[in-house]
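To keep things clear, I will list the structure first and then write my remarks on it.
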Amino acid sequence: MRRCGSDSTLASLLACYPSAVMAASVMDLFAETGAYLRGHFRLTSGLHSGEYLQCAKVLAIPAYAERLGREIAEKLKPIIHGASIDVTVAPAIGGIIIGYEVARAFAVRSLFTERDGASNQMALRRGFEISPGERAIVIEDVITTGGSTREVIRMLEAAGARVLAVGSIIDRSGGQVDLGVPRVALETLHPTTYSPEECPLCKAGQRLVKPGSRPT
């Protein structure tokens with residue numbers, strides 16, 4: 001019997017992860033792919049948490065990524081009131097794949113920002129350009145404090161673009177983050193987070209892990 005994950009063909013992946021052809025919930029996809037982690041994690045925001053959602057493991061399955069992108073696009077349509085959009089923009093690295101899938105659902109361009117080494121600010125690189133007046137939607141995998149998302153919004157507005165809305169797979173803020181524009185998420189969670197000084201997991205001596213794509 002072939003071990004799940006030993007063959008990357010689409011047929012094998014669908015056999016390993018059957019929810020791709022079922023009406024599973026978003027959180028079912030995280031559980032099924034082992035993307036819902038428990039332990040002691042330092043988030044990009046600098047806060048600590050006992051749980052972590054590794055979106056990259058879900059988005060590694062193309063059928064899941066496509067489905068999540070379509071669902072975000074459908075949730076965005078009512079809040080932009082039928083307005084046409086020109087581009088999706090996502091912060092690297094976590095937002096790239098889901099940003100691409102939302103762009104595919106809207107049939108528009110997909111760009112991503114990267115952190116500039118000199119300024120430490122989000123910037124468009126690789127020849128990506130935004131023209132004044134373009135209508136943009138910012139896409140993230142997970143929003144916790146909204147820091148990276150705000151940077152992308154500021155960068156786009158400075159370039160003369162109009163940011164219509166923000167979409168994400170997961171909202172870890174419990175709906176509390178205000179980004180100044182309408183936003184949607186496929187799942188809204190209320191996880192407990194701690195400052196490093198008050199973290200009970202630190203005080204218990206539990207090993208701290210920094211997942212994700214960039215240092216805190």
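Hydrogens, waters and symmetry mates are skipped; everything else that's a heavy atom, side chains included, is used.
- Between the side chains of Y64 and E32, at least one donor-acceptor pair of N or O atoms lies under 3.5 Å.
- Between T113 and F128, the closest side-chain pair of non-hydrogen atoms is not below 4.5 Å.
- Surrounding CZ of R162 are at most 12 heavy atoms belonging to other residues, nucleotides or ligands under 6.0 Å away.
- Among the candidates V142, L53, T144, D171, the single residue satisfying the side-chain contact (heavy atoms from CB on, under 4.5 Å) test with L189 is L53.
- Checked for salt-bridge contact, R70 and E66 meet the test: a charged N lies under 4.0 Å from a carboxylate O.
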(request) Give the C-alpha distance, both sets of side-chain angles, the deciding distance and a yes or no for side chain to side chain contact (heavy atoms under 4.5 Å, CB included) between V108 and V87. (result) CA-CA 5 Å; V108 298; V87 63; 5.5 Å; no

(request) Report the C-alpha distance between V177 and R150 in whole Å, list the side-chain angles of each, state the deciding distance to 0.1 Å, and finish with yes or no for side chain to side chain contact (heavy atoms under 4.5 Å, CB included). (result) CA-CA 10 Å; V177 167; R150 289 190 190 91; 3.6 Å; yes

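- Separation of the F41 and Y52 ring centroids falls under the 6.0 Å cut-off.
- Between T88 atom OG1 and I72 atom CD1 the span is 10.5 Å, to the nearest 0.5 Å.
- Looking at R125 and F112, their side chains never come closer than 4.5 Å, going by heavy atoms from C-beta outward.
- The two residues A73 and A105 come nearest to each other via the heavy atoms CB-CB, 3.6 Å.
- A salt bridge links R126 with E114; the closest basic N to acidic carboxylate O contact falls under 4.0 Å.
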(message) Between V209 and R42, is the side chain to side chain contact (heavy atoms under 4.5 Å, CB included) condition met? List the steps.
(response) CA-CA 6 Å; V209 176; R42 182 171 59 188; over 6 Å; no

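- The line from CZ of F30 to NZ of K57 is 11.5 Å long, rounded to the nearest 0.5 Å.
- In summary, R183 and E140 do not engage in a salt bridge, as defined by a charged side-chain N under 4.0 Å from a carboxylate O.
- Contact record, G175 with T188: N-CG2, 3.6 Å, taken as the closest heavy-atom pair.
- Of all heavy-atom pairs between I170 and A185, the closest is C-CB, 4.3 Å.
- For the residue pair L76 and A165, the shortest heavy atom distance occurs at CD2-CB, 3.9 Å.
- The 12-atom threshold is not exceeded at OH of Y100, counting heavy atoms of other residues, nucleotides or ligands nearer than 6.0 Å.
- Annotation: side chain of L208 is not in contact with side chain of L201 (no heavy-atom distance under 4.5 Å).
- The structure places CE of M122 at 4.5 Å from OG of S148, a figure rounded to the nearest 0.5 Å.
- Salt-bridge check for K75 with E71: failed, with every basic side-chain N at 4.0 Å or more from each acidic carboxylate O.
- At distances below 3.5 Å, at least one donor-acceptor pair connects side-chain atoms of D86 with backbone N or O atoms of R135.
- Between A90 and G95, the shortest heavy-atom contact is CB-O, 3.1 Å.
- Salt bridge absent: E151 and R154 never bring a charged side-chain N and a carboxylate O closer than 4.0 Å.
- E134 places a side-chain N or O within donor-acceptor distance of the main-chain N or O of S131, the cut-off being under 3.5 Å.
- From L186, atom CG reaches atom OG of S25 across 11.0 Å, with rounding to the nearest 0.5 Å.
- We find the OG-CG distance between S168 and D141 to be 8.5 Å, quoted to the nearest 0.5 Å.
- Between atom CD1 of residue I169 and atom CD1 of residue I97 there is a gap of 9.0 Å, rounded to the nearest 0.5 Å.
- Judged purely by distance below 3.5 Å, without hydrogens or angles, the side chains of S49 and R172 pair a donor atom with an acceptor atom.
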(message) What verdict does the side chain to side chain contact (heavy atoms under 4.5 Å, CB included) test give for H48 and L43, after you've listed the backbone C-alpha separation in whole Å, the side-chain angles of each residue and the deciding distance to 0.1 Å?
(response) CA-CA 6 Å; H48 291 196; L43 309 178; over 6 Å; no

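- The same ILVMFWY cluster, assembled from side-chain heavy atoms under 4.5 Å apart, contains both I139 and V26.
- Applying the side-chain contact (heavy atoms from CB on, under 4.5 Å) test to L156 and every residue at least two apart in sequence or in another chain returns V89, I130, A136, V138, V152, A161, V163.
- A pairwise comparison of heavy atoms in P182 and I79 identifies CB-CD1, 3.7 Å as the closest pair.
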